[in-house]
2 protein chains.
Amino acid sequence: MNDLRNSKPLYVAKAELFKSLGHPARIRILELLVAGEMSVSNLLAATGLEPSSLSQHLNVVKHTGLVQSSRAGNIVTYRVTDPSVGEFLAAARSVLATTLGRARQTLEDLVGPA
Amino acid sequence: MNDLRNSKPLYVAKAELFKSLGHPARIRILELLVAGEMSVSNLLAATGLEPSSLSQHLNVVKHTGLVQSSRAGNIVTYRVTDPSVGEFLAAARSVLATTLGRARQTLEDLVGPA
DNA sequence: CCATGAATTCATAGATTACTTAAATCACCC
DNA sequence: GGGTGATTTAAGTAATCTATGAATTCATGG
């Protein structure tokens, strides 16, 4: 059900956590879910993924405990398990912001401003 | 030099960022560097990795802009490019904490406390 | 200039991951 | 019970990633 359980060195669990977000489709899925729970069919429409592909990606993030699902009749709804997931994504955004800014800066240092 | 530059959808860049930390060795390396800059030979000793392997992993995190390096004579020193990298790692730790706690809780809900 | 230590690059075999298509489940309604 | 829409599972192939050992670069000191 959840693969980040004990009996694993912490840095392995942490690596699996990062890896589970190491795919564009899963990033898009998580950003949607951070904004609010969503059914598979809505995710399907929002992402444009193949149903089987979406399901597989959802399974990956479910295994690392980032999301949960529940079924109501025919419809399966996914949601993030904890607000910390949103903060995790936000932290990535912040790294990216300074990292991209720094790349631009370094470039200007080397070749001068545009 | 840096692969998270523009001309790439944001979610792709973000996925690459996560992926670059999606390996136990790179997690260990980054946690060491977050605590302070380090030479390659010190990283070698601290991690026990093969030199070529360490170098390749360092290259991965350098490409995503998480770390920088500088050479002083024979010795190359790596450091994180920005404090936000440390916060990123911390955010992961926090997700892991609630995620593992929740897994334990869910288990207890199902089978009763140990 | 050659030897040496430090670090990186290269090449390849082996393992993991992702995409695609088809088949299977599952819950519901007639 | 059969049909239908929603979702998941399976299986195969293609693509990507990792580890390893040999070769290479780079800077220094003799």
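Every chain is numbered from 1, with letters handed out A, B, ... down the list of sequences. Only a predicted model underlies this, so the values are computations on that prediction, with no experimental measurement involved.
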Atom CD1 of B:I29 and atom C1' of C:dT8 are separated, to the nearest Å, by 14 Å
For atom CG of A:L49 and atom P of D:dT8, their distance in whole Å:
13 Å
Does D:dA19 have its OP1 or OP2 closer than 4.0 Å to a side-chain nitrogen or oxygen of B:H57?
yes
From CG of B:L58 across to P of C:dT8 the rounded distance in Å is 6 Å
Side chain to side chain contact (heavy atoms under 4.5 Å, CB included) evaluation trace for A:V95 with B:D82
CA-CA 8 Å; A:V95 169; B:D82 194 88; over 6 Å; no
Can you check the B:L54 CG to D:dG21 P distance for me, whole Å?
16 Å
Taking the side chain as C-beta and beyond, is there a heavy-atom pair between B:H23 and A:K19 under 4.5 Å?
no
Compare every heavy atom of A:L17 with every heavy atom of B:A92, then report the nearest pair and how far apart it is.
O-CD2, 3.6 Å
5'-most by nearest nucleotide on DNA chain C - B:S41 or A:V60:
B:S41
In whole angstrom, what separates B:N59's CG from D:dA19's P?
14 Å
What are the two closest non-hydrogen atoms of B:S69 and B:V76, and how far apart are they?
CB-CG1, 3.9 Å
Figure out the CG/C1' separation between B:L44 and C:dG5, and round it to whole Å.
12 Å
With distance as the sole criterion, is a donor-acceptor pair present between the side chains of B:R71 and B:T77 under 3.5 Å?
no
Any ion pair linking B:E87 and B:R93 (charged N to carboxylate O, less than 4.0 Å)?
no
For a quick test of reading the model: is some side-chain N or O of A:Y78 closer than 4.0 Å to OP1 or OP2 of D:dT8?
yes
Separation of D:dT16 P from B:K19 NZ (nearest whole Å)
9 Å
Please examine the side chains of A:E16 and A:S20, heavy atoms only from C-beta on, and report whether any two atoms are closer than 4.5 Å.
no
Treating primed atoms plus P, OP1 and OP2 as sugar-phosphate and everything else as base, which nucleotides of nucleotides 20-30 of chain C get B, S or - for protein heavy atoms under 4.0 Å?
BBB---BBS--
Counting just side-chain N and O atoms, does B:H23 come under 4.0 Å of either OP1 or OP2 of D:dA19?
yes
What is the separation between atom NE2 on B:H63 and atom P on D:dT18, rounded to the nearest whole Å?
14 Å
